[in-house]
Amino acid sequence: MKIFLDTADLDEIRFAASLGVIDGVTTNPSLIRRAVEKRGGSISMEDYIKEIVKVVPGPVSLEVISVEAEAMIEEAKKLYRLFSPYGEVAIKIPICPSMDGESNVYDGLRAIRELSALGIPVNVTLVMTPEQALLAAKAGAAYVSPFAGRIDDYIRDKMGMKRGEDYGKADYYDFELVRKIAEKRVEKVLESKPASTSKSLYLDEEVKSVASEGQDNGVYSGVDLIARILRIFRNYGYRTEVIAASMRNARQVREVAELGVHIATVPFYVLKEMLVHYKTIEGVKAFAADVVPSYRKIFEENP
Ligand code: G3P
């Protein structure tokens with residue numbers, strides 16, 4: 001599995017690249033904003049992005065800012081022309097760049113199709129459903145980026161949980177536990193209506209509401225979203241690579257790796273979380289304490 005760093009912070013990118021474990025970088029306007037704010041707003045954006053592209057040993061995704069197809073295509077060409085001479089660049093296009101669900105609904109597909117036909121690699125972003133991913137692949141996308149963490153947020157929010165109160169942004173979402181709870185709750189509701197027919201149970205509002213808990217239209221978590229996209233792509237042999245995005249913790253990365261996802265793009269803190277374990281630290285301390293002088297001497301006496 002390839003690992004991309006999900007950041008626009010050049011310090012983080014330089015450090016992670018020096019470790020030799022990152023294969024690319026993904027940015028978006030929010031991440032660029034964070035990087036600019038960290039530097040007190042005083043950077044030449046063009047030079048800054050050129051530096052990122054030079055440092056990264058793989059594709060750097062840069063996002064357009066418009067929502068109309070023609071404007072996105074122009075911006076994408078501009079970004080590609082400016083930065084691809086310095087390294088690998090992919091252009092992020094939102095799958096459905098609509099602000100109201102009515103206007104600009106198809107503009108993403110138009111831009112993906114045209115840019116891909118020109119040979120510009122497109123990373124389709126803000127993918128929240130398997131069907132969006134399918135359409136992106138059909139339009140010729142090089143990558144799709146399903147936002148796992150945001151789907152976990154959405155499902156938890158729909159269950160009445162509040163981020164910041166009931167769960168933290170980086171907390172693992174235990175969707176298997178939620179499925180078990182939902183199954184039990186459905187059983188209980190069914191038991192309370194013993195005389196009903198299958199038809200009346202299927203149409204029963206209480207049954208429907210309990211049965212639909214813990215999911216977004218049949219998707220049970222961000223990891224489940226990625227599993228479904230991978231299954232669809234494998235069914236039909238699409239070459240579009242899946243970037244597991246909006247990764248919030250190491251366990252999520254493990255789960256998408258187990259699914260065989262092509263790429264996971266992770267924030268810097270997740271990279272650290274992937275390394276640190278209580279028992280590893282305990283072991284390092286114990287080995288350090290057990291070093292006998294004669295063993296230490298080998299290192300001291302052999303420069
Ligand atoms: O890769 C997309 C990412 O930057 C969004 O992450 O944590 O804001 O949902 P997040």
Side-chain angles (χ1 to χ4, degrees), residues 1-13 16 22-38 49 52 56 58-65 79 89-97 108 112 121-129 132-133 136 141-158 161-164 166-173 175 216 219 221-226 229-230 240-257 259 261-274:
M1 183 182 76
K2 289 182 193 154
I3 296 179
F4 288 3
L5 206 60
D6 196 25
T7 184
D9 185 329
L10 195 47
D11 301 332
E12 292 180 350
I13 293 169
I22 62 156
D23 307 287
V25 156
T26 48
T27 70
N28 60 41
S30 310
L31 293 172
I32 289 193
R33 181 191 179 133
R34 224 175 286 162
V36 170
E37 282 170 358
K38 182 178 160 189
I49 295 177
I52 293 180
V56 177
V60 174
S61 288
L62 301 168
E63 190 154 343
V64 297
I65 54 177
L79 286 171
V89 169
I91 304 297
K92 268 182 152 179
I93 302 283
I95 181 62
C96 177
I112 297 160
V122 176
N123 173 357
V124 179
T125 191
L126 287 166
V127 169
M128 305 292 175
T129 70
Q132 288 178 331
Y143 308 97
V144 288
S145 290
F147 275 32
R150 293 197 191 182
I151 287 300
D152 289 346
D153 286 350
Y154 186 52
I155 292 171
R156 279 178 285 197
D157 294 351
K158 285 209 302 178
M161 298 188 213
K162 287 198 170 40
R163 200 166 100 179
D166 300 310
Y167 68 94
K169 182 176 179 184
D171 289 352
Y172 175 74
Y173 170 52
F175 59 98
D216 176 31
V219 170
S221 70
V223 170
D224 183 41
L225 167 65
I226 288 160
I229 294 172
L230 286 170
T240 305
E241 290 193 284
V242 179
I243 304 180
S246 183
M247 293 276 103
R248 306 279 180 76
N249 52 67
R251 185 163 163 187
Q252 239 178 356
V253 178
R254 177 207 311 166
E255 289 181 358
V256 296
L259 294 174
V261 79
H262 305 90
I263 301 153
T265 188
V266 304
F268 189 71
Y269 76 86
V270 170
L271 209 56
K272 181 176 176 194
E273 201 184 297
M274 288 167 72

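Heads up: numbering here begins at 1 and tracks the sequence. Just so you know, ligand 1 is whichever comes first in the structure, and atom 1 is the first atom listed for that ligand.
At the shortest separation from atom 8 (O) of ligand 1 among protein heavy atoms lies R150 NH2, 2.9 Å. Remark: minimum distance from atom 4 (O) of ligand 1 to any protein heavy atom is reached at D6 OD2, 2.7 Å. Of all protein heavy atoms, the one lying nearest to atom 6 (O) of ligand 1 is S246 CA, 3.6 Å.
At least one heavy atom of N28 sits closer than 4.0 Å to an atom of ligand 1. Ligand 1 has at least one atom lying under 4.0 Å from a heavy atom of K169.
Using a 4.5 Å heavy-atom cutoff, the side chains of M274 and V253 are in contact. In this structure, the side chains of F147 and L225 stay at 4.5 Å or more apart for every pair of heavy atoms.
On a distance-only criterion, R248 and ligand 1 share at least one N/O pair closer than 3.5 Å. Looking at T265 next to ligand 1, no N or O pair under 3.5 Å apart turns up.
One finds the CD1 atom of I155 at 6.0 Å from the CG atom of D216 (value rounded to the nearest 0.5 Å). Between E273 atom CD and R248 atom CZ the span is 12.5 Å, to the nearest 0.5 Å.
Checked for salt-bridge contact, R156 and D166 miss the test: no charged N lies under 4.0 Å from a carboxylate O.
In summary, the atoms of ligand 1 found under 4.0 Å from a heavy atom of F147, numbered by their order in the structure, are 2 (C), 5 (C).
In this model, no donor atom of one side chain and acceptor atom of the other lie less than 3.5 Å apart for Y173 and N249.
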